[in-house]
Amino acid sequence: MYTFSGVTASKGIVIGPVEQIDHGTAGLHRIVCDPFRERALYDVAVVLAKDELRRLSQRAKGPDADILLFQIALLEDESFTNEIGDYIAAGAGGAAAVERAGQIFAGRLSNVDDEYIRERSVDVQDVCRRVVDILDGRPRRRLHLQRPSILVADRFFPSDLFSLDRRMILGLASDQDSTVSHAAIMARSMGIPAVVQLGDGVAAQAAGHRAILDATGGDAATLTVEPTGVHMAQADCKIAITRLHGRTPDPVAALPCLTKDGTAFRLLTAINTTADPADPLPQGAAGTGLLRTESVILDDLPEDVQFANLRNRLQHADGAMIAVRTCDTNADDDSPWTAEIRSRLNGHRLFWPQIKALLRAARYGDLHVLFPMIAGVEDWQTCLREVETCRTELHKAGQEVSPPPFGCIVDTPSAALLAGELIDHGAQTLAIDLEDLTRYTLGLVHDPLAAVNRVDNPAVQRLVKEALEQAKARGAEVYLCGLTVDCLDRIPTYLRLGVRTFSVEPAALLPLKKRLLEMDLREPPEKA
């Protein structure tokens with residue numbers, strides 16, 4: 001029996017066989033051709049890699065889609081391509097050039113102080129490894145799990161996990177990953193236990209054996225390989241208790257949403273279009289405050305497919321609100337979003353099928369439609385003109401149309417300051433994306449983790465207050481969205497500011513509710 005200690009990335013305990021993801025060794029038996037042919041081979045490999053990534057995106061959910069978009073964007077990045085092209089022109093093979101560029105770009109991220117940004121270096125390594133494997137002719141075999149297993153690796157690449165049947169993953173254990181790595185984020189979203197930072201060589205030692213992954217002890221976690229009968233019995237007891245608790249509804253979920261002084265509040269959740277429509281709402285959620293639609297854009301889904309998906313989701317919602325964020329490539333972390341939306345509106349190809357599907361599906365439930373990155377009235381009116389065009393085309397085609405309430409995501413300072421004008425011109429709902437508003441207000445566009453830690457900045461508070469006051473004066477609905485577990489400590493500030501509805505990720509619902517239940521707005525706020 002061997003017990004290895006690590007850091008908890010996702011809580012829980014499981015027992016099962018261990019399967020290793022082995023990344024192997026690249027670069028054997030390479031033959032370098034002339035630069036012209038090497039460049040041609042590289043260009044073909046990029047096309048194949050992007051095609052594989054797009055096919056993976058069909059199963060992508062939430063943060064997974066972000067990573068796929070980042071990897072595709074990197075392969076299209078001019079500075080990345082030029083780095084490789086220059087090295088090939090100097091006589092290097094395409095595979096070696098990609099490896100070199102990957103090391104350079106990943107190294108830049110690895111040297112950043114912020115841990116979240118450092119972890120994104122893995123995404124660079126992952127997409128470069130995919131291109132290199134194509135150039136080397138290495139098979140990119142999908143790991144087929146024959147039985148539910150604990151997966152181990154020296155470090156998980158995103159593509160290691162995208163193609164797996166996630167029902168077969170009992171837990172994740174990694175030698176090197178951190179608590180903000182993709183593997184850790186995915187484990188938390190799936191609700192499976194995970195331990196990271198076990199130390200070099202642990203994954204190889206555990207492969208092929210039976211193990212207990214115990215991440216129930218706070219920040220510390222263990223991976224016990226070939227456990228004794230006593231350890232198995234203890235683990236079985238822990239698992240039984242955990243399952244019992246898992247079947248028992250959290251009593252907090254049944255409590256009315258009232259603070260100690262009787263102030264009512266409302267909690268919504270945020271999900272992705274790839275989530276199963278039949279899944280019940282998380283405990284404590286009154287509806288869906290943000291349905292992200294990046295997969296619709298990634299997969300270029302036709303109108304009828306989008307309509308069927310929306311109708312199915314609304315019918316399963318049993319009357320609960322669903323607010324859809326349109327035009328969402330989820331690229332606002334790395335792209336000039338205002339130009340993005342204007343380009344899409346001019347092209348229509350992606351925007352119109354989504355709007356038509358929304359207009360057709362609205363009669364099946366409480367659907368709200370939210371436009372992101374609306375800088376002012378001109379952008380808003382442009383969107384409405386496109387909606388009217390779609391509605392006219394549907395009428396001509398004999399389709400039944402039921403226009404839903406339209407609103408916008410308040411994610412820039414200009415939208416917050418001009419909230420009144422937007423409402424006057426027809427916006428019925430304002431969803432204030434607190435994280436994005438913080439990023440654009442404080443100049444943290446490329447540093448989302450820093451933004452999460454500053455969502456209660458005085459400048460952001462002032463913008464939210466301005467939008468709240470303008471909405472209240474006009475009787476429009478307004479709520480906060482873009483809220484995660486990491487920013488829970490800062491959300492009570494906004495309840496005091498006047499916000500009464502919050503849309504949060506599922507993992508944050510009950511923790512936030514517990515905090516708000518304990519608040520008494522008659523008492524002065526605690527000093528930091």
Problem set entry | Heavy-atom pair with the smallest gap, counting every atom of G319 and D366 | O-CB, 3.8 Å
Exercise. Is Q71 close to K50 at the side-chain level, that is, under 4.5 Å between some pair of heavy atoms?
Worked result: no
Problem set entry | Test side-chain hydrogen bond (donor to acceptor under 3.5 Å, both in side chains) applied to E518 - qualifying residues, sequence neighbours left out | K260
Exercise. With R155, which of D175, I21, D177, V196 fulfils side chain to side chain contact (heavy atoms under 4.5 Å, CB included)?
Worked result: D177
For this session: Taking T222 for its side chain and F4 for its backbone only, find out whether a donor-acceptor pair lies under 3.5 Å.
Result: no
Exercise. Are R500 and F265 in a cation-pi setup, meaning NZ or CZ lies under 6.0 angstrom from the ring centre and within 45 degrees of the ring axis?
Worked result: no
For this session: Evaluate the side-chain proximity of L434 to Y494: yes if any heavy-atom separation is below 4.5 Å, no if none is.
Result: yes
Problem set entry | Side-chain (K513) to main-chain (V252) donor-acceptor, under 3.5 angstrom | yes
Problem set entry | Cationic N near anionic O, under 4.0 Å, R439 to D436 | yes
Exercise. Nearest heavy-atom pair of R490 and N453: which atoms, and what distance?
Worked result: NE-O, 3.0 Å
Problem set entry | Atom pair SG (C487) and CG (L512), whose distance is rounded to the nearest 0.5 Å | 8.5 Å
For this session: Consider only side-chain N and O atoms of Q461 and T493, and report whether a donor and an acceptor are under 3.5 Å apart.
Result: no
For this session: List the steps and the verdict of side-chain contact (heavy atoms from CB on, under 4.5 Å) for I322 and H368.
Result: CA-CA 6 Å; I322 296 180; H368 296 241; over 6 Å; no
Exercise. With side chains defined as the heavy atoms from C-beta onward, is the minimum distance between V152 and E19 less than 4.5 Å?
Worked result: no
Exercise. In terms of heavy-atom contacts, does CG of D219 have more than 12 from other residues, nucleotides or ligands at under 6.0 Å?
Worked result: no
Exercise. If you take all heavy atoms of P511 and L488, which pair is closest and at what distance?
Worked result: CB-CD1, 3.5 Å
Exercise. What distance do C481 atom SG and L268 atom CG have between them, rounded to the nearest 0.5 Å?
Worked result: 9.5 Å
For this session: Starting at CG of L370, measure out to CG of L291 and round the result to the nearest 0.5 Å.
Result: 10.0 Å
For this session: Kindly compute the distance separating OG1 (T269) from CZ (F502), expressed to the nearest 0.5 Å.
Result: 14.5 Å
Problem set entry | Shortest non-hydrogen contact from L509 toward A285 | CD1-CB, 3.7 Å
Exercise. Do M1 and V225 come close enough that some side-chain heavy atom pair is under 4.5 Å?
Worked result: no
Exercise. Of the non-hydrogen atoms in A97 and Y87, which two are nearest, and what is the gap between them?
Worked result: CA-CD2, 3.4 Å
Problem set entry | Beyond-backbone contact of V455 with V460, side-chain heavy atoms, under 4.5 angstrom | no
Exercise. What are the two closest non-hydrogen atoms of I84 and Y42, and how far apart are they?
Worked result: CD1-OH, 3.4 Å
For this session: Determine yes or no for a side-chain-to-main-chain donor-acceptor pair under 3.5 angstrom, with S503 supplying the side chain and L480 the backbone.
Result: no
Seminar exercise, completed: In this structure, CG of L290 is separated from OH of Y479 (nearest 0.5 Å) by 6.5 Å
Exercise. Is any side-chain heavy atom of V124 less than 4.5 Å from a side-chain heavy atom of L74?
Worked result: yes
Exercise. Between E99 and R129, is the closest basic N to carboxylate O distance under 4.0 Å?
Worked result: no
For this session: Report the C-alpha distance between T8 and V195 in whole Å, list the side-chain angles of each, state the deciding distance to 0.1 Å, and finish with yes or no for side-chain contact (heavy atoms from CB on, under 4.5 Å).
Result: CA-CA 5 Å; T8 297; V195 54; over 6 Å; no
Problem set entry | Intermediate values then yes/no, side-chain contact (heavy atoms from CB on, under 4.5 Å), T3 and L223 | CA-CA 6 Å; T3 298; L223 182 71; over 6 Å; no
For residues 226-233, dump all side-chain donor-acceptor pairs below 3.5 Å to protein atoms at least two apart in sequence or in another chain.
unit_1: E226; atom_1: OE2; unit_2: H209; atom_2: ND1; d: 3.1
unit_1: E226; atom_1: OE2; unit_2: R210; atom_2: N; d: 3.3
unit_1: T228; atom_1: OG1; unit_2: H231; atom_2: N; d: 3.3
unit_1: T228; atom_1: OG1; unit_2: H231; atom_2: ND1; d: 2.8

For this session: For the pair R188 (side chain) and A9 (backbone), establish whether a donor and an acceptor sit closer than 3.5 Å, ignoring hydrogens and angles.
Result: yes
Exercise. Below 4.5 Å, heavy atoms only, C-beta onward: do I13 and L213 meet side chain to side chain?
Worked result: no
Exercise. Donor-acceptor pair, T263 side chain versus T259 backbone, under 3.5 Å?
Worked result: no
For this session: Quick one: do E523 and D261 satisfy side-chain contact (heavy atoms from CB on, under 4.5 Å)? Show the steps, please.
Result: CA-CA 9 Å; E523 298 176 353; D261 62 294; over 6 Å; no
Problem set entry | Any side-chain heavy-atom pair of S149 and P17 under 4.5 Å | yes
Problem set entry | Rounded distance [0.5 Å steps], CG in L75 versus CZ in R130 | 9.5 Å
